[in-house]
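Shown next, in structure tokens, is the structure this report addresses.
In what follows, every chain begins at residue 1, and chains take the letters A, B, ... in the order their sequences are listed.
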There are 2 protein chains.
Amino acid sequence: MAREEPVVQRPREAIVEAAIALFGKRGFAGTTMRDIASEVGVLPGSLYAHINSKETLLDEIVELGIESFLAIEEAIPKSAPVVERLRAAIKAHVAVAAENPGRSLVVFHQWRFLTEPNLTRALNKRRRYQQIFVRLVDEGIADGTLARTLDSKIAVFALLGALNWVPEWYSPAGHFNPVEVGEKLADILLEGLLPPRSPAGKR
Amino acid sequence: MAREEPVVQRPREAIVEAAIALFGKRGFAGTTMRDIASEVGVLPGSLYAHINSKETLLDEIVELGIESFLAIEEAIPKSAPVVERLRAAIKAHVAVAAENPGRSLVVFHQWRFLTEPNLTRALNKRRRYQQIFVRLVDEGIADGTLARTLDSKIAVFALLGALNWVPEWYSPAGHFNPVEVGEKLADILLEGLLPPRSPAGKR
DNA sequence: CCTACCGATCGGTAGG
DNA sequence: CCTACCGATCGGTAGG
């Protein structure tokens, strides 16, 4: 009985959600605290009862956002073949990106507006994330389950480029759900656009 | 004798070059006219002797930038097989993106800050550009030279994602020149990361 | 969470 | 291209 009615959203969450959407659409520098306030439905000064500054708001979004991508490691089966692990990583990445396209756009592009020491911290997490894919590709090249002719850096850039583009076009209202998109992207990246070259091979 | 000494750069060009670099690095909203002026070495008000407004500056950069991508059509051999045309398109795109990474970043991300009617005009050109790739992929699926199982929209998004990511990482000081990067990306996108599956096939 | 406000900075201009 | 400036808007704060 002492419990309150459950509110739809706590004010701080509403601010963060509005900031994610606006930073994603208009960028950090293109969004004003007044934009955020009017989206939330309060006056600009009132925001500062819940947050410290515009940049700490960005930092929180970017940092937690990258961490939600780093969490894909848990979706990678530990002792499966490289190709299977890579496929799982791609699908998990697409799931995160498609589940929250706005936040992903902020993670991929707005980190530039962080200042030190937040910038370095974010860049380090970003590097750790890339390393997940670099290690997988290197391992696959070494054991022959990926093409020997690959340059692993360029391969990872191609891979992450295709994956990081997802929030620019994915719509939950579209033909495919995130799982289907992940599978199709994994197929394209692993097998390429060309048809199967194996003689009468099943696929 | 009436000819002037050739100046290093005409003032308007210097302004546009500075704007490209700054819009690319810090975004349109994150760049001030004062930033551009100090990069060029004049006082802020002096810029307006050469340009009309911040937005017309952006519009010129975006519009001419997209047109330099549309010009890749001339690099596509008219009656070659689809796969060969697609490979030529990829290589030409990478050449444009790597030759001018700053401008490409503006083209890919800063068009959002255009207002009407510039925005619609830019979006139309962008759509025309995507259509080049959509038509190639559709044709390849239809004639069986690309995988029958492809969804052409997702395939093009994957393709353009990998290509549009190039200006984020390409450095002229790196291991590869633009031509090599184009070839490697074309290989990865067409043939995938997996090794060739044809039995003892030459490659 | 609002009222009322601050100093700094913004894009842009008039006149030379 | 500079001097000198404008009104608007910015992120943020004091005090309630």
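A salt bridge links A:R87 to A:E191: at least one charged side-chain nitrogen sits closer than 4.0 Å to a carboxylate oxygen.
Put simply, CE on A:M33 is 10 Å from P on D:dT13, counting in whole angstrom units. Here the C1' atom of nucleotide D:dC1 and the CD1 atom of B:I15 are 10 Å apart, to the nearest Å. Put simply, CD1 on A:I51 is 13 Å from C1' on D:dT13, counting in whole angstrom units. Taking atom CZ on A:F28 and atom C1' on D:dC10, their separation rounds to 12 Å, with Å as the unit. In this structure, B:R12 places its CZ atom 13 Å from P of D:dC1, rounding to the nearest Å. Taking atom NZ on B:K54 and atom P on C:dG11, their separation rounds to 4 Å, with Å as the unit. Atom pair A:N52:CG and D:dG12:P shows a separation of 10 Å (rounding to whole Å applied). Rounded to an integer number of Å, the gap from CG of B:L47 to P of C:dA14 is 16 Å.
In this model, the phosphate group of D:dG12 is approached by a side-chain N or O of A:Y48 to a distance below 4.0 Å at OP1 or OP2.
A residue-by-residue look at A:A49 and A:R34 shows that A:A49 has its nearest nucleotide of DNA chain C further toward the 5' end.
A donor-acceptor pair is defined here as one N or O able to donate and one able to accept, closer than 3.5 Å; no such pair exists between the side chain of B:E13 and the backbone of B:E17. Panel note: side chain A:N124, backbone A:R121; no donor-acceptor pair is recorded below 3.5 Å. Remark: the backbone N or O of B:N177 is paired with a side-chain donor or acceptor of B:E180 at under 3.5 angstrom.
Look at D:dG15: its Watson-Crick or wobble partner, with both distances under 3.5 angstrom, is C:dC2. Pairing for D:dA8 goes to C:dT9, judged as Watson-Crick or G-U wobble with the two contacts each under 3.5 Å.
Remark: A:I141 CD1 to A:L136 CG distance equals 11.0 Å, nearest 0.5 Å.
Heavy atoms of A:P11 sit under 4.0 angstrom from primed sugar atoms or phosphate atoms, though from no base atom.
For B:L43, taking side-chain heavy atoms from C-beta onward, the closest of the listed nucleotides C:dC1, D:dC2, D:dC10 is D:dC2.
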